[in-house]
There are 2 protein chains.
Amino acid sequence: MSDRVERILADLRRQGERITPARRTVVEELVGADGHLTADELVERVHETVPGAHLATIYRTMDVLERLGVVEHTHLGHGRAVYHLADDVHAHLVCESCGAVVQVSPKLLAGVERRAREEHGFVLRAHHFALVGRCRRCKSA
Amino acid sequence: MSDRVERILADLRRQGERITPARRTVVEELVGADGHLTADELVERVHETVPGAHLATIYRTMDVLERLGVVEHTHLGHGRAVYHLADDVHAHLVCESCGAVVQVSPKLLAGVERRAREEHGFVLRAHHFALVGRCRRCKSA
DNA sequence: ATCTTTGCAAACTTTTTGCACCAAT
DNA sequence: ATTGGTGCAAAAAGTTTGCAAAGAT
């Protein structure tokens, strides 16, 4: 279907990975999601196509996809991680009061990345953690 | 002993909180630590003075101290949180390869904080999550 | 004497792992 | 026919909670 899906699957095959129904569906959901998904949300969606799919399989699949550089995960809050395609780079603002998540341009962090590199020798993956704060509506509360 | 310790304990008392040996020791360790401590590190240190102290007590104490604005916690990596005095604000750079943690000036994030506010209406607690990346030594690996 | 705080054990949440079975190549 | 992937169930890892007993005020 989607060109992007097929390209990713071909990548996987090229690396010697096997394409199972669960894996194909995970990739389709990630491509279709435009945004981030938790492991839980992923199993749920995958179940519509592969009823028996297990959460452990999702985690193992994400592991493979991350190792191949196809996806990345980000920690939005206390605990749960979210996954998204690696070429869809963005930073996350999370409201600690209402839980709202806003995806913002990675440029927001460009300055920090530069300074971390110049002043501390650190190459950041700045978007690996969300930026926590209070959104417009909650900031008064 | 330390002025800072006594000031914090007085604050607690003023809020109707009781000062137990465990709590006094937690505060002393936090003040003495100059930097961040995990709950685990805290129990361990508290044990030298209050042998029976339980991890659950540490968590409950941190809860109280956070509610009163005395401490804050930060997520350095996958899982563990670290605690430090709220008036000791700093950002954290964590090397995802070797685990090294560097404390840096909160100014590093000042620009991001301003832009998040101006462009997205978000008031950040930017130091609540660590900035993940690779340190000088690990960045080649 | 009162009402909090503690210790303990158990629940919880998210992620990982060991193992026998099944399926993609 | 081979491997590698899967489901399941159990283990981690970090934090939270219910409860009765101990302790601060």
Side-chain angles (χ1 to χ4, degrees), chain A residues 9-27 36-44 46-47 49-68 70-83 94 96 99 128-130, chain B residues 9-27 36-44 46-47 49-68 70-83 94 96 99 128-130:
Chain A
L9 294 179
D11 266 8
L12 285 178
R13 231 180 242 112
R14 201 173 308 125
Q15 311 279 329
E17 295 291 334
R18 296 180 182 179
I19 309 306
T20 64
R23 288 182 168 185
R24 155 166 255 120
T25 310
V26 165
V27 171
H36 41 248
L37 292 171
T38 63
D40 255 355
E41 290 167 341
L42 267 168
V43 226
E44 219 172 291
V46 170
H47 274 168
T49 311
V50 188
H54 200 275
L55 192 52
T57 298
I58 303 295
Y59 280 113
R60 285 186 279 225
T61 300
M62 300 320 280
D63 230 61
V64 172
L65 293 175
E66 283 202 87
R67 223 185 329 276
L68 299 189
V70 173
V71 316
E72 296 208 335
H73 74 273
T74 301
H75 298 276
L76 286 194
H78 305 83
R80 40 183 58 72
V82 295
Y83 300 87
V94 179
E96 65 189 343
H128 186 59
F129 279 94
Chain B
L9 293 178
D11 265 9
L12 286 177
R13 230 179 243 114
R14 202 172 307 124
Q15 309 280 327
E17 295 291 333
R18 296 180 181 182
I19 309 305
T20 64
R23 287 183 168 183
R24 154 165 254 121
T25 309
V26 164
V27 171
H36 41 248
L37 293 170
T38 63
D40 258 355
E41 292 167 339
L42 267 168
V43 226
E44 219 172 291
V46 170
H47 275 170
T49 311
V50 188
H54 200 276
L55 192 51
T57 298
I58 303 294
Y59 281 114
R60 283 186 280 224
T61 300
M62 300 320 281
D63 229 60
V64 172
L65 292 176
E66 284 202 87
R67 223 188 326 279
L68 298 190
V70 174
V71 317
E72 295 209 335
H73 73 274
T74 301
H75 298 275
L76 286 195
H78 305 82
R80 43 183 56 70
V82 296
Y83 299 87
V94 179
E96 63 189 344
H128 186 59
F129 280 94

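Note on naming: letters A, B, ... go to the chains in the order of the sequence lines (proteins, then strands), and numbering restarts at 1 for each one.
- Between the C1' atom of C/dT15 and the CE atom of A/M62 lies a distance of 13 Å, rounded to the nearest Å.
- Among the atoms of the strands shown, only primed sugar atoms or phosphate atoms (P, OP1, OP2) are found under 4.0 Å from some heavy atom of A/G52.
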Revision key, fill the gap. Letter by letter from the 5' end, nucleotides 20-25 of chain D scores (B base, S sugar-phosphate only, - none; protein heavy atoms under 4.0 Å) ---BBS
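- In this structure A/E72 satisfies the side chain to side chain contact (heavy atoms under 4.5 Å, CB included) test together with A/H84, A/A86, A/R125, A/H127, sequence neighbours excluded.
- A donor-acceptor pair is defined here as one N or O able to donate and one able to accept, closer than 3.5 Å; no such pair exists between the side chain of B/T57 and the backbone of B/A53.
- Remark: B/E44 pairs with no residue by the side-chain hydrogen bond (donor to acceptor under 3.5 Å, both in side chains) rule, at least two apart or across chains.
- Partners of A/D63 according to the salt bridge (charged side-chain N to carboxylate O under 4.0 Å, His left out) rule, which considers only residues two or more places apart in sequence or in another chain, are A/R67.
- Remark: A/A130 engages A/L76, A/H92, A/V94 in a side chain to side chain contact (heavy atoms under 4.5 Å, CB included) (not counting sequence neighbours).
- Following rounding to the nearest Å, B/L76 (CG) and D/dA13 (P) show an atom-to-atom distance of 18 Å.
- Counting to the nearest Å, the P atom of C/dT25 and the CZ atom of A/R24 are 9 Å from each other.
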Please set out all donor-acceptor pairs under 3.5 angstrom arising from side-chain atoms of residues 9-18 of chain A, sequence neighbours excluded.
from, atom 1, to, atom 2, distance (Å)
A/D11, OD1, A/R14, NH1, 2.8
A/E17, OE1, A/R23, NH1, 3.0

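- Scanning atom types as modelled, no donor and acceptor separated by under 3.5 angstrom connect the side chain of A/R60 and the base of D/dG4.
- To the nearest angstrom, C1' of D/dC8 lies 15 Å from CD1 of A/I58.
- With sequence neighbours left out, the salt bridge (charged side-chain N to carboxylate O under 4.0 Å, His left out) criterion links A/R60 to no other residue.
- Contacts of B/F129 classified as ring-ring contact (aromatic ring centres under 6.0 Å, His included), with partners at least two apart in sequence or in another chain: A/F129, B/H75.
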Can you give me the N/O atom pairs linking the protein to nucleotides 14-16 of chain D at distances under 3.5 Å, or say none if there are none?
from, atom 1, to, atom 2, distance (Å)
D/dG14, OP1, B/R80, NE, 3.3
D/dG14, OP1, B/R80, NH1, 2.7
D/dG14, OP1, B/R80, NH2, 2.1
D/dG14, OP2, B/R80, NH2, 3.4
D/dT15, OP1, B/A81, N, 3.2
D/dT15, OP2, B/Y59, OH, 2.3
D/dT15, O5', B/Y59, OH, 3.3

